[in-house]
4 protein chains.
Amino acid sequence: MSDIDTVGIAGSRVRSFIERVEQLEQEIAELTEGKKEVFAEAKGEGFDVKILKEIIKLRKQDKDERDEHETLLDLYMRAMEEPEPVAKAA
Amino acid sequence: MSDIDTVGIAGSRVRSFIERVEQLEQEIAELTEGKKEVFAEAKGEGFDVKILKEIIKLRKQDKDERDEHETLLDLYMRAMEEPEPVAKAA
Amino acid sequence: MSDIDTVGIAGSRVRSFIERVEQLEQEIAELTEGKKEVFAEAKGEGFDVKILKEIIKLRKQDKDERDEHETLLDLYMRAMEEPEPVAKAA
Amino acid sequence: MSDIDTVGIAGSRVRSFIERVEQLEQEIAELTEGKKEVFAEAKGEGFDVKILKEIIKLRKQDKDERDEHETLLDLYMRAMEEPEPVAKAA
DNA sequence: CACTGGAAAATGCCGC
DNA sequence: GCGGCATTTTCCAGTG
């Protein structure tokens, strides 16, 4: 196979990857636009957008923290299962 | 209508806004995950992810510039259609 | 004043800023090194470094979340103090 | 020694490690804050922060390269001092 | 239009 | 030695 063909094939792959990413970014941009519209609507009804965002952030943090706690719990449990618990005599 | 009801109604609206935003953020997170997978796949085939991202960024820049040009073109064309050209009194 | 002098003066200021930052980064690097040593010491005594880091991260999150709650509380209280509370009749 | 005591002792050590790390991170945070202030000050005098950071990064690179050279120089000099040059049996 | 906060990218570190 | 992961730094959009 010639270099030209190789390049062509690789080029196709590159093009494919790039277009898939661009498609995803397109959809993300649309959803982001949707978020803006929701906030604008809320603002139009007299709600304080800053507070709404703060609430959403807190809820996310709570969720993350719960996930994190589970991670720690997992770590502890894995540590417990270890054959030699490493506790050294003082 | 009582204050309690007002609060209840406002609370429902708040809840609705928040859930809509969280739903949108959920979908965005999934698409972002999709992007990561595409890049991982490209990497697995030996492509340089950093360069791919560079290309995507450049293409976006180009697109933005083209959009900008179209905007300018629109402006010029609208100006052409104006009854009274452009000569502004000093 | 000549351009040369201006450049010279600006150069001194630039030099001063850069050296101050580099000094700070130097101290940061030493403290970071200190952290590594603490973790190495803990590891040497049989503790699981990953779990230690997880605990530290959680404690930081807890603190951040408390700060965040206070922020939200502040926002609510400021909103309460507003002349026109914006509650619209349905 | 009982398990309870062992746990207590290990707990003390854990606490000690964590507090030492948190103390270090506290100091790092303060120095990082100091960096931000220096950059803010520079910005206030009309300097381009992005460029300042670029300069600092380049100087660090240069310094790393110089350190690398010194390391190599050390290696060569130590090699010179060796009784039996370098001829290794295959 | 400057500033803050959040997403993305680059870097360095760790384990395998 | 390298890939994956965590941290740090950079960039950008949104806000006032």
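Proteins come first, then strands; the chains are lettered A, B, ... in the order of their sequence lines, and each starts at number 1. No experiment lies behind these values; they were computed from the predicted model shown.
As rounded to whole Å, 13 Å separates atom C1' of dG5(E) from atom CD of Q61(A). Between E68(C) atom CD and dT4(E) atom C1' the separation is 13 Å, expressed in whole Å. If you take CD1 of I56(B) and P of dA9(E), they are 9 Å apart, rounded to a whole angstrom. The interatomic distance linking F39(D) (CZ) with dT8(F) (C1') rounds to 13 Å, in whole Å. The separation between E54(B) atom CD and dC11(F) atom C1' is 13 Å, rounded to whole Å. Distance CG (D64(B)) to C1' (dA13(F)): 13 Å, rounded to an integer number of Å. Following rounding to the nearest Å, D48(C) (CG) and dC14(E) (P) show an atom-to-atom distance of 14 Å. Straight-line distance from the CD atom of E25(C) to the C1' atom of dT11(E): 14 Å, rounded to whole Å.
For K43(D), whose side chain is taken as the heavy atoms from C-beta onward, the closest listed nucleotide among dA8(E), dC3(E), dT9(F) is dC3(E). The side chain of K57(A) approaches dG5(E) more closely than any other nucleotide in the set dA8(E), dG15(E), dG5(E). Counting only heavy atoms from C-beta on, K50(B) has its side chain closest to dT11(E) among dT10(F), dT11(E), dA8(E). When distances are taken from the side chain of K53(A) to each of dT15(F), dC3(E), dA8(E), the shortest belongs to dT15(F).
Under a 4.0 Å N-O distance rule, the pair E19(B)/R15(B) qualifies as a salt bridge. With respect to R13(B) and E41(A), a salt bridge is recorded, a charged nitrogen being found less than 4.0 Å from a carboxylate O.
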Residues E25(D), L31(C); criterion side chain to side chain contact (heavy atoms under 4.5 Å, CB included); working and verdict: CA-CA 8 Å; E25(D) 292 190 340; L31(C) 293 170; over 6 Å; no
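Each of I28(D) and V49(A) lies near DNA chain F, and the nucleotide nearest I28(D) is the one positioned closer to the 5' end.
Residue contacts for K36(B): at a heavy-atom cut-off of 4.0 Å it reaches no nucleic acid atom on any strand shown.
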Side-chain donor-acceptor distances from residues 62-78 of chain D under 3.5 Å, at least two apart:
| residue | atom | partner | partner atom | Å |
| --- | --- | --- | --- | --- |
| K63(D) | NZ | D67(D) | OD2 | 3.1 |
| T71(D) | OG1 | D67(D) | O | 2.9 |

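The only option from E30(B), E22(B), Q23(B) that meets the side-chain hydrogen bond (donor to acceptor under 3.5 Å, both in side chains) definition with Q26(B) turns out to be E30(B).
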